[in-house]
There are 2 protein chains.
Amino acid sequence: LIVLKKISKIYKMGKVEVPALVDADLQIKKGEYLAIMGPSGSGKSTLMNVLGCLDVPTSGEYYLDSKDVGKLNDVEMASIRNQMIGFVFQTFNLLPRLNARKNVELPLIYAGVKRQERHIRADKLLESVGLSGRAEHLPSELSGGERQRVAIARSLANDPHLILADEPTGNLDSKSGEEIMKIFDSLNKSGVTIIVVTHENFIAEHADKSIHILDGRIERIEVHKK
Amino acid sequence: LIVLKKISKIYKMGKVEVPALVDADLQIKKGEYLAIMGPSGSGKSTLMNVLGCLDVPTSGEYYLDSKDVGKLNDVEMASIRNQMIGFVFQTFNLLPRLNARKNVELPLIYAGVKRQERHIRADKLLESVGLSGRAEHLPSELSGGERQRVAIARSLANDPHLILADEPTGNLDSKSGEEIMKIFDSLNKSGVTIIVVTHENFIAEHADKSIHILDGRIERIEVHKK
Ligand SMILES: Nc1ncnc2c1ncn2[C@@H]1O[C@H](COP(=O)(O)OP(=O)(O)OP(=O)(O)O)[C@@H](O)[C@H]1O
Ligand SMILES: Nc1ncnc2c1ncn2[C@@H]1O[C@H](COP(=O)(O)OP(=O)(O)OP(=O)(O)O)[C@@H](O)[C@H]1O
Ligand SMILES: [Mg+2]
Ligand SMILES: [Mg+2]
């Protein structure tokens, strides 16, 4: 499904270069379950943003479903993203003026789903992440972990083939975190490819493999016995 | 240092009441090291915002250093907060247009510290949280965990007597998280009172005691053998 060849992302700040990602090579098969681990600032989110077609690498090639992403224009990129990928941002990125239900409905609006069905699917997703009593709350009227769970529910709205979750349990207690992982585990069993960034080992252990990143480079790949 | 008597915080949304905190009673001595734990949405941040004089409770009394906080006006509240309390927000709350160093200098500007000394203290604090190479980066040019560490450095700038840290390690790998806890541990040894919200047991074990919150109520207090 995914092939990265020598992907680099180097930020230029005045005269200084900040290598966020250097020469990343990675192949991910359909239906695989991968964890990305590494110290703070090592390049995990940068890698996720390239994988999610949200950021353009400085150099290197990225093939998604055999398409060369570097050759796509903005419209094609956006349509692949909306149809195929569910993204959970490390900073949640909820729209502040929409309540929890409407934030979850957003991908369904882009996909042209009718209003009544959108409501039903959004409420079901909010219930699955334990937020049925909070559908009408604005993001500012939710706790940190509740906002994170709205972001998770939103990423699942369009039945994506690929889920990219950047630290999906960072603000959650272990019980809420395990409930989210159960959702990811069952989606993976049904064939959804999942890539999750985490710094918690007990979360990474749900995956088939972990890659460890250090200073922008993929240092090693660890296969889990499951 | 801190006495809470029957503190409640009840949000009203239209006709619905959302009890975020109910009848919280708590005493914290000077120099104590307390962890606050509980599920997502249980009221931890609400309690921290009351303790940090950032939010007014619906009912109940709060005495800080023997002063009745409920009777203070905004100017007195702000001056107690700036002089006495270092607050690490769950959402970091960095100013987006200031670089890392300037965000850390902010409390020092309010305290009237001269420019050169501010620079030196801010750079020292950034070094202590492992960010010496990132002083000129804007928040948008930092990783999630790096932003969190800038927020931690900022909370220590004014040598506070009381540190309130809401999930200070949520976005950090365990090594970076342990480095932050080492800073808190040594500040506590020098007499600083520390209250930390966390959902990670290995973080809570640094404290003398943990309180467990469930649905807005303090359910139990656990003393740690250290
Ligand atoms: N402005 C508000 N209006 C209505 N409800 C609110 C508001 N702010 C918070 N709440 C509700 O109050 C409850 C407690 O929120 P709080 O932020 O204290 O939880 P928390 O324990 O910090 O959770 P987390 O671990 O997820 O950060 C939550 O269920 C939340 O939905
Ligand atoms: N826009 C930018 N300009 C300059 N440097 C940047 C920019 N964005 C990120 N960086 C730097 O690139 C490095 C990698 O950032 P990235 O967000 O990928 O790290 P991360 O592994 O996700 O960290 P964390 O676990 O703390 O979230 C960081 O050191 C950061 O300072
Ligand atoms: Mg990150
Ligand atoms: Mg909170």
Side-chain angles (χ1 to χ4, degrees), chain A residues 11-14 16 18 20 37-46 48-49 89-92 99 129-131 133-150 166-167 169-177 179-180 197-202 204 212-216, chain B residues 11-14 16 18 20 37-46 48-49 89-92 99 129-131 133-150 166-167 169-177 179-180 197-202 204 212-216:
Chain A
Y11 291 105
K12 289 189 188 45
M13 293 179 61
V16 180
V18 181
M37 305 190 80
S40 172
S42 56
K44 305 179 296 296
S45 295
T46 304
M48 288 292 258
N49 292 340
F89 293 88
Q90 187 171 4
T91 49
F92 319 156
N99 66 24
V129 295
L131 285 179
R134 296 283 183 268
E136 318 243 323
H137 284 232
L138 292 177
S140 60
E141 296 168 337
L142 292 169
S143 80
E146 290 173 341
R147 284 193 290 269
Q148 186 157 40
R149 285 182 277 159
V150 173
D166 195 343
E167 296 276 0
T169 62
N171 275 274
L172 298 178
D173 58 289
S174 21
K175 191 163 153 289
S176 306
E179 277 159 28
I180 296 302
V197 168
T198 182
H199 61 272
E200 296 177 283
N201 276 324
F202 72 94
H212 293 264
I213 300 192
L214 196 60
D215 293 334
Chain B
Y11 292 104
K12 290 192 186 47
M13 292 180 61
V16 181
V18 180
M37 302 191 81
S40 171
S42 57
K44 305 179 296 295
S45 295
T46 304
M48 288 294 259
N49 292 340
F89 293 88
Q90 187 170 5
T91 48
F92 320 156
N99 66 23
V129 295
L131 286 180
R134 297 284 183 268
E136 319 244 323
H137 284 230
L138 292 177
S140 61
E141 296 169 339
L142 292 169
S143 79
E146 291 173 341
R147 285 194 290 268
Q148 186 157 41
R149 287 183 276 160
V150 173
D166 196 342
E167 297 276 1
T169 63
N171 275 275
L172 298 177
D173 57 288
S174 22
K175 191 165 153 288
S176 306
E179 277 159 25
I180 295 302
V197 168
T198 182
H199 61 273
E200 295 176 284
N201 275 324
F202 72 94
H212 293 265
I213 298 192
L214 195 59
D215 294 333

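Chain letters run A, B, ... following the sequence lines, proteins first, then strands; residues in each count from 1. Only this structure's heavy atoms are used, side chains among them; waters, hydrogens and symmetry mates stay out.
When the candidates A:K175, A:M37, A:R149 are compared by the number of heavy-atom contacts under 4.5 Å with chain B, A:R149 comes out ahead. Contact count versus chain B (heavy atoms, under 4.5 Å) is highest, among A:H137, A:E200, A:Q148, for A:H137. Chosen from B:G145, B:S40, B:A20, the residue pairing most often with chain A at heavy-atom distances under 4.5 Å is B:S40. Chain A forms more heavy-atom pairs under 4.5 Å with one residue of B:D166, B:T198, B:V18 than with any other, namely B:V18.
Looking only at side-chain heavy atoms (C-beta outward), B:E136 and A:V16 stay at 4.5 Å or farther from each other. Counting heavy atoms from C-beta on, the side chains of A:R147 and B:T91 come closer than 4.5 Å. The side-chain heavy atoms of A:S143 and B:S45, taken from C-beta on, include no pair separated by under 4.5 Å.
A search for side chain to side chain donor-acceptor pair (under 3.5 Å) contacts involving B:S174 returns nothing, not counting sequence neighbours. By the salt bridge (Lys or Arg N to Asp or Glu O under 4.0 Å) test, A:E167 pairs with no residue at all, sequence neighbours left out.
For the pair A:G41 and B:E146, the tightest heavy-atom approach, listed with the atom from each and the gap, is CA-OE2, 3.6 Å. Closest of all the heavy-atom pairs between B:H199 and A:D173 is CB-CA, 3.5 Å.
No part of A:T46 comes within reach of chain B, as not one of its non-hydrogen atoms sits under 4.5 angstrom from that chain.
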